[in-house]
Each structure stands twice: as structure tokens, then as C-alpha cells.
Protein chains: 2
Amino acid sequence: MLSFTEENYLKAIYHLAEGGAKPVLTNELAEAMQTKAASVTDMIKKLSAKELINYERYYGVKITSRGKTQALQIIRKHRLWETFLVEKLGFTWDEVHEVAEQLEHIQSSRLIDKLDEYLGFPKTDPHGDPIPDQHGKLKSMPQVALDQLKPGSKGIICSVKDSDPELLKYLDKIGAKPGKKIEVVNREAYDESVEIIIEKKKLFVSKEVSKNILLLVKL
Amino acid sequence: MLSFTEENYLKAIYHLAEGGAKPVLTNELAEAMQTKAASVTDMIKKLSAKELINYERYYGVKITSRGKTQALQIIRKHRLWETFLVEKLGFTWDEVHEVAEQLEHIQSSRLIDKLDEYLGFPKTDPHGDPIPDQHGKLKSMPQVALDQLKPGSKGIICSVKDSDPELLKYLDKIGAKPGKKIEVVNREAYDESVEIIIEKKKLFVSKEVSKNILLLVKL
DNA sequence: TTAAAATTTTAGATTAGTCTAAAAAATATT
DNA sequence: AATATTTTTTAGACTAATCTAAAATTTTAA
């Protein structure tokens, strides 16, 4: 059984690992966890001893398949709770993250399966992110960030990074919700801001914002 | 802000205090918290410093009104979550305690008020215990345990102590649910077991069990 | 390719919560 | 009332998670 803190580290490592080609660095993790590198080194030794990650000194860590499964169980809980908060309790999607960060650590597989059933086995959370199944399996759908897209291409918003409530409020205001179609009209060369069309409305978003909007794109 | 552990101690003190006339003793608390007296002494010093209890060496602790309010906030959360688990997720009432012990520590007043609303502002939880309001106020209704009742008296089950799942399953089986009418027929002198009638069925329950069934009695 | 800079790890300390063993105080018993 | 017993507190140690400061290693750059 992992502690609250171990779970948070593992989840952060999973998210930072992305594809898993490059190792996750100590400083990256310290930044993500709002802590110091020395603390990170201690913790990754513990997670490594539990074989949830592979750790090589001065190189970084890679998540093992056992670690990935565990991380996805936590992410499953996080996303199911976010769905509950929005669908049932009437939270807005920018309010849910902080509370879900707490709820994701509740230990009861019976609870989470009942919740899943109660919500009608949703496939994605309110941000459009896929919800892993009981075994920590994820239906893979490759997502591309808006800042990677060439002018002329179209996509459907499938996910928005949920860490910053201010950003989420802004995206809500401009109508950038999961499911919405988006078209890239142009990209300013000097600041990499993007001109897009959402629901027939022309909008400009900064590079910073465009990095946080993830799309499903037909190739 | 109280820690997880501080909250658990405070709640235990509140429950052990009953009327509040006698002080809660160190060993009682150690028993309730499944820990050692030395640990209890350390913790009550902390809670005392926060003025949630009054502590007198070698005498015991009494909960302050601030402490009572805080404890009732936690109890409010516990009972609302229990209600949610039974009403919405289809848990049986003997399954909810353990999970509610975790959920009661989630910090978000917005969450708990929304949950309250979603459940239709319930007045009691599935065990029949009253749910305190946002300000930690409890609608007082004096409860009498079945082992205190004289033969011939009648009452309505309003609450059942929820700590032991085995007991709850047993009570469920014999039909001893909150709201059910109960009549005391006789009490065996030698072992203090009680003969009762619930829904026209005659039953015997041991003294041990009768202590855990709380009743509303017309005086 | 060697020195400078950045990153990472180790060493040692700190805090919260716990423990055991011993000391202190209160209660019970003769 | 003096002693024995029980209860409670203190002292000192342990673990998990954190920190600062210093040492080790890797990377960058001159």
C-alpha cells in the first residue's frame, strides 16, 4: 500500500514520462512536486525499492509497468471523481481539480467501482481525458497540442490540462471545451500566437495557452 | 487546519465525552484510537494548545466549545458521506463506516455543502444519527439505549452504533433498522438479555447488543 | 580537454506521530 | 495511614517526509 505522498510522486512521474523514451529528471520532479531535489532523491529511492520505477543515479527514473498500472489506478480515481463533481454536484470544470487531488487517495476499490457504475461508466472526464479501466488500461488516443499544429489543420478538442483554474476559466469563456471543433487559421511567427476558429468565431490565443489545448486530429 | 490524525483524536474525544460531565481519560482514548497512552498524552497536549480541549494533568480532558464545533463539522461530513454511499451508490449500511472514515477528512466546504444539497438536506444518516448543520449545530434528540429500558416500554429505533460491521449485519438480519418500532417484553435477570418485539416478531437480544441500539422514547 | 557551471546525491537536522521503558501521581487496599 | 496497584506522564528513540549545506557527478563551454 502506497502512502499519500508516494502516490503523488508516482502520478507526477507518470505524467512527466509522456512517451517514456526519456527519463524523468530529479529537478523536473522537484518542480512538479513543489519540493527540493534532495527530497525527490529520497523518494525515488523508495519507489525504486518498491519496483514502481527504475532509478539510475545522476540519470533519472523511468516508470515500470507495475508503476504505470498503479499510477493509472490513481488517475482513474481522479477522473471519476472529477466527473462526479461536475455531472452530479454541479461543479464547474475549473473547480474540480483541487478536490479531486484529495479524493483520488481514498482507498476502496468497491467505492470506485460503484462510483463508476453510478456515473454510467464514463469514457472521459470533464476535461476530455480518458478514464482508465479497473485494471489500469487506457484506451489510447494520441493527442496533439494546439501549438504543434500547422495552419490549415482541423481537430477536435479532446482534453485541456487542468492544473490552473485561471486558465480553465479563460478557456471556458472563449468556448474551448472538449468536443468542440477547432481550425488553425494562422500562426504569428514572432510570438507563436495562433489564430483559430471555434464555432465560427475567430480567436487569437497565445503560445502559452495553445500548449494546454490537446486535440484529436485526423491524419 | 487540523491534520488527519488530530481530526481523528478530536472526533474520538467528542464521542467519548457523551454529556461532558466527566473528563475523557487518557486510557479510554488510547483504547478508542488503538494506540498507547504515551501517544495520547502527546496528542492531547497539541489539541490543548489549539484550545480545542482543556487538559489537566493526571485528570483527563474536556472538549471546549470550539472543539465541539470542529468535531461536529467532521461528524457532519462523515454522516453526509455515509448517506451518499447508501442512498446513491447502493452500499449497505454495514459497509459504509470504513470508507466514510476516510472521506470525512476531505477538506472542501464547498464540496460538503453541494453534497448536502444533492442528497436533499437529509436530517439523519443511514444509522439514524442526526446530521449537524454547516455551523456544527445538532438538532438535539435524546437517545436511550435499549439496555436502559424497562419491560413494557416502547420506542423507535433512531440510531445504531456503527463501529462493528458484524453487529450491523446481525441487526440488519433481525430487522433492527432506524425507524422501526420496538417493544421491550422482558429482561432476563441473570444475563440481562432482553426479549423484544419488532414488527410483530418476538426476538431475544443479548445485553451486549442491546447497548448498541438507541431509541427515541415517548416519556 | 580542462575549467566552469549546472545537476544530483549525500550527510545531517527537523517535524509529526508513534513507541518502550522508567518516573511520577493518583487511586485502591490492607 | 502506609503500602501496593493502577494510571498517566516524561524521557529518549524510531520512521516518514522534508529541509539546508556540502560533496559528487555530469554537462557545457572556453
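In what follows, chains carry the letters A, B, and so on, assigned in the order in which the sequence lines appear, proteins first and then strands, with residues in each chain numbered from 1.
- Proximity of a side-chain donor or acceptor of A/Gln134 to a complementary backbone N or O of A/Asp113 within less than 3.5 Å is not detected.
- Note on A/Tyr55: only backbone sugar-phosphate atoms sit closer than 4.0 angstrom, heavy atoms only; bases stay farther off.
- A straight line from CZ of B/Phe4 to P of C/dT18 spans 11 Å, rounded to a whole angstrom.
- Look at CD on A/Glu31: it is 16 Å from C1' on C/dA6, rounded to the nearest Å.
- An OP1 or OP2 oxygen of D/dT10 is reached within less than 4.0 angstrom by a side-chain nitrogen or oxygen of B/Lys45.
- Cation-pi geometry between A/Lys88 and A/Tyr118 is met: the NZ or CZ atom falls under 6.0 Å from the ring centre, inside 45° of the normal.
- As rounded to whole Å, 10 Å separates atom P of C/dC19 from atom CE of B/Met33.
- Counting all heavy atoms, side chain and backbone alike, B/Phe91 lies closest to B/Val96 at CB-CG1, 3.7 Å.
- Residue A/Thr41 places no side-chain N or O under 4.0 Å from the OP1 or OP2 atom of C/dT10.
- Each of A/Tyr58 and A/Glu6 lies near DNA chain D, and the nucleotide nearest A/Glu6 is the one positioned closer to the 5' end.
- Of the candidate nucleotides C/dT10, C/dT8, D/dT18, D/dT18 has the atom nearest to the side chain of A/Thr5.
- Taking side-chain N and O atoms only, A/Tyr9 has no distance below 4.0 Å to OP1 or OP2 of D/dA16.
- Following rounding to the nearest Å, A/Glu56 (CD) and C/dT9 (C1') show an atom-to-atom distance of 15 Å.
- Rounded to an integer number of Å, the gap from CE of A/Met43 to P of C/dT9 is 15 Å.
- Mapping A/Arg57 and A/Ser3 onto DNA chain D via the closest heavy atom, the residue that lands nearer the 5' end is A/Ser3.
- Within a 6.0 Å sphere centred on CD of B/Glu31, heavy atoms belonging to other residues, nucleotides or ligands number 12 at most.
- In this structure, A/Thr26 does not reach the C/dT7 phosphate: none of its side-chain N or O atoms is under 4.0 Å from OP1 or OP2.
- Not one side-chain nitrogen or oxygen of A/Lys36 sits closer than 4.0 Å to the OP1 or OP2 atom of D/dT18.
- Looking at heavy atoms from C-beta onward, B/Leu72 lies out of side-chain contact with B/Asp133 at the 4.5 angstrom threshold.
- When the C1' atom of C/dT18 is taken as reference, atom CD1 of B/Ile44 falls 15 Å away, rounded to whole Å.
- Between A/Asn27 and the phosphate of C/dA6, there is no side-chain N or O to OP1/OP2 separation shorter than 4.0 Å.
- At whole-Å resolution of the value, CG in B/Asp42 and P in D/dT9 are 10 Å apart.
- With D/dT10, D/dT18, C/dT10 as the choices, the nucleotide that has an atom nearest any side-chain atom of B/Ala38 turns out to be D/dT10.
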